[in-house]
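Working notes for the structure below.
Source: prediction; values computed, not measured.
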Amino acid sequence: SAKDMKHRLGFLLQKSDSCDYGSSQGKKEKISSSQRVSQEEVRKWADSLENLIHHDRGLAAFRAFLKSEYSEENIEFWVSCEDYKKTKSPAKLSPKARKIYDEFISVQATKEVNLDSCTRERTSHNMLEPTLSCFDEAQRKIFTLMEKDSYRRFLKSPYYLDLVSPPGAGCGPENCKSSHTHALDCNSNIISQCA
């Protein structure tokens with residue numbers, strides 16, 4: 001359920017924010033103390049969708065939120081396009097483009113994204129000779145769709161609010177319920193205390 005997923009995400013984020021980083025040192029993606037998410041960083045996620053999805057932890061939280069709404073195909077498409085644009089080998093462009101197209105854009109796509117017919121048609125045409133920019137228009141449309149819709153809901157959801165105001169911050173619920181801004185004030189030093 002969404003509540004379980006929220007709980008698991010909160011646990012994972014709290015665990016990785018703890019002051020003991022010994023166990024995560026051996027992972028592929030080494031986390032230095034400067035990469036830990038701070039309350040300031042979490043607050044920046046509310047400034048723009050770009051700030052949110054260009055931060056690994058923000059992207060993970062947003063993805064979990066979209067999954068709870070059964071609409072994760074939009075962020076998956078966006079991430080796939082970002083990855084595609086980093087393709088160095090020209091020989092890999094066509095197969096990678098075809099995979100993205102089949103998964104997100106074609107009529108029988110398993111994770112079809114919501115594109116207007118003109119954008120879908122132009123993207124289909126781009127598939128004849130795939131370039132690094134062949135999904136740019138479609139990616140922009142999906143970004144705008146997320147920005148106007150799911151991103152706004154995310155900022156009001158527990159997925160975001162629990163990160164801005166982690167539980168057990170030494171500020172009782174009676175003090176923090178009044179407003180989102182107050183919650184920020186009460187908990188502004190939680191994550192940064194571990195840095």
| message | Within this structure, what is the OG1-CD distance for the pair Thr144 and Gln139, rounded to the nearest 0.5 Å? | response | 10.5 Å
| message | What's the separation between atom CG in Leu49 and atom CG in Leu155, rounded to the nearest 0.5 Å? | response | 9.0 Å
| For the student: nearest non-hydrogen atoms of Val107 and Glu112, plus distance | O-OE1, 3.7 Å
| note | d(Arg43 CZ, Ser38 OG) to nearest 0.5 Å is 8.0 Å
| task | Please assess Met127 against Ile105 for the test side chain to side chain contact (heavy atoms under 4.5 Å, CB included), listing each intermediate value before the final yes or no. | result | CA-CA 11 Å; Met127 293 304 295; Ile105 296 172; over 6 Å; no
| task | Provide the closest heavy-atom pair for Glu72 versus Lys67 in the form atom of the first, atom of the second, distance. | result | OE1-CA, 3.5 Å
| said: Measuring from atom NZ of Lys86 to atom CG of Leu132, what distance do you get when rounded to the nearest 0.5 angstrom? | reply: 12.0 Å
| Pair Asn126-Thr123, side-chain donor/acceptor within less than 3.5 Å | no
| task | Would you kindly say whether Lys92 and Thr87 are connected by a side-chain donor-acceptor distance under 3.5 Å? | result | no
| message | Contact between Cys134 and Tyr101 at the side-chain level, heavy atoms closer than 4.5 Å - yes or no? | response | no
| said: I need the minimum non-hydrogen distance between Ala61 and Leu163, along with the two atoms involved. | reply: CB-CD1, 4.0 Å
| Within a strict 4.5 Å, meaning less than it, do heavy atoms of the Trp45 and Ile53 side chains meet? | no
| field | ring pair (Phe, Tyr, Trp, His ring centres under 6.0 Å) contacts in which one or both residues fall within residues 103-137, not counting sequence neighbours | value | Phe77-Phe104, Tyr84-Phe135
| task | Begin from the C-alpha positions of Arg120 and Asp116 and carry the test salt bridge (Lys or Arg N to Asp or Glu O under 4.0 Å) through to its verdict. | result | CA-CA 6 Å; Arg120 194 176 299 278; Asp116 60 90; over 6 Å; no
| said: I need the minimum non-hydrogen distance between Trp78 and His54, along with the two atoms involved. | reply: CH2-NE2, 3.8 Å
| query | Between Lys85 and Glu82, is there a side-chain N and carboxylate O pair less than 4.0 Å apart? | reply | yes
| message | Using side-chain heavy atoms (C-beta onward) and a distance below 4.5 Å, is Leu59 in contact with Leu52? | response | no
| field | NZ (Lys99) with more than 12 external heavy atoms under 6.0 Å | value | no
| Which of parallel (below 30°), tilted (30 to 60°) and perpendicular (above 60°) describes Phe154 and Tyr160? | tilted
| task | Quick one: closest heavy-atom pair of Leu66 and Ser150, and the distance? | result | CD2-CB, 3.4 Å
| said: Could you measure the distance from the CD atom of Glu147 to the CZ atom of Arg152? Nearest 0.5 Å is fine. | reply: 7.5 Å
| field | Side-chain heavy-atom pair Asn74, Leu145 within 4.5 angstrom cut-off | value | yes
| In Å and rounded to the nearest 0.5 Å, what is the OG to NZ distance from Ser71 to Lys111? | 12.5 Å
| query | Looking only at heavy atoms, what is the nearest atom pair of Met146 and Ile75, with distance? | reply | SD-N, 3.8 Å
| message | Tell me if a side-chain donor or acceptor on Ser133 pairs with a main-chain N or O of Asp136 at a distance below 3.5 Å. | response | no
| Check: Ser48/Tyr151 side-chain N/O donor and acceptor closer than 3.5 Å | no
| message | Within a 6.0 Å radius of atom CD on Glu69, are there more than 12 heavy atoms belonging to other residues, nucleotides or ligands? | response | yes
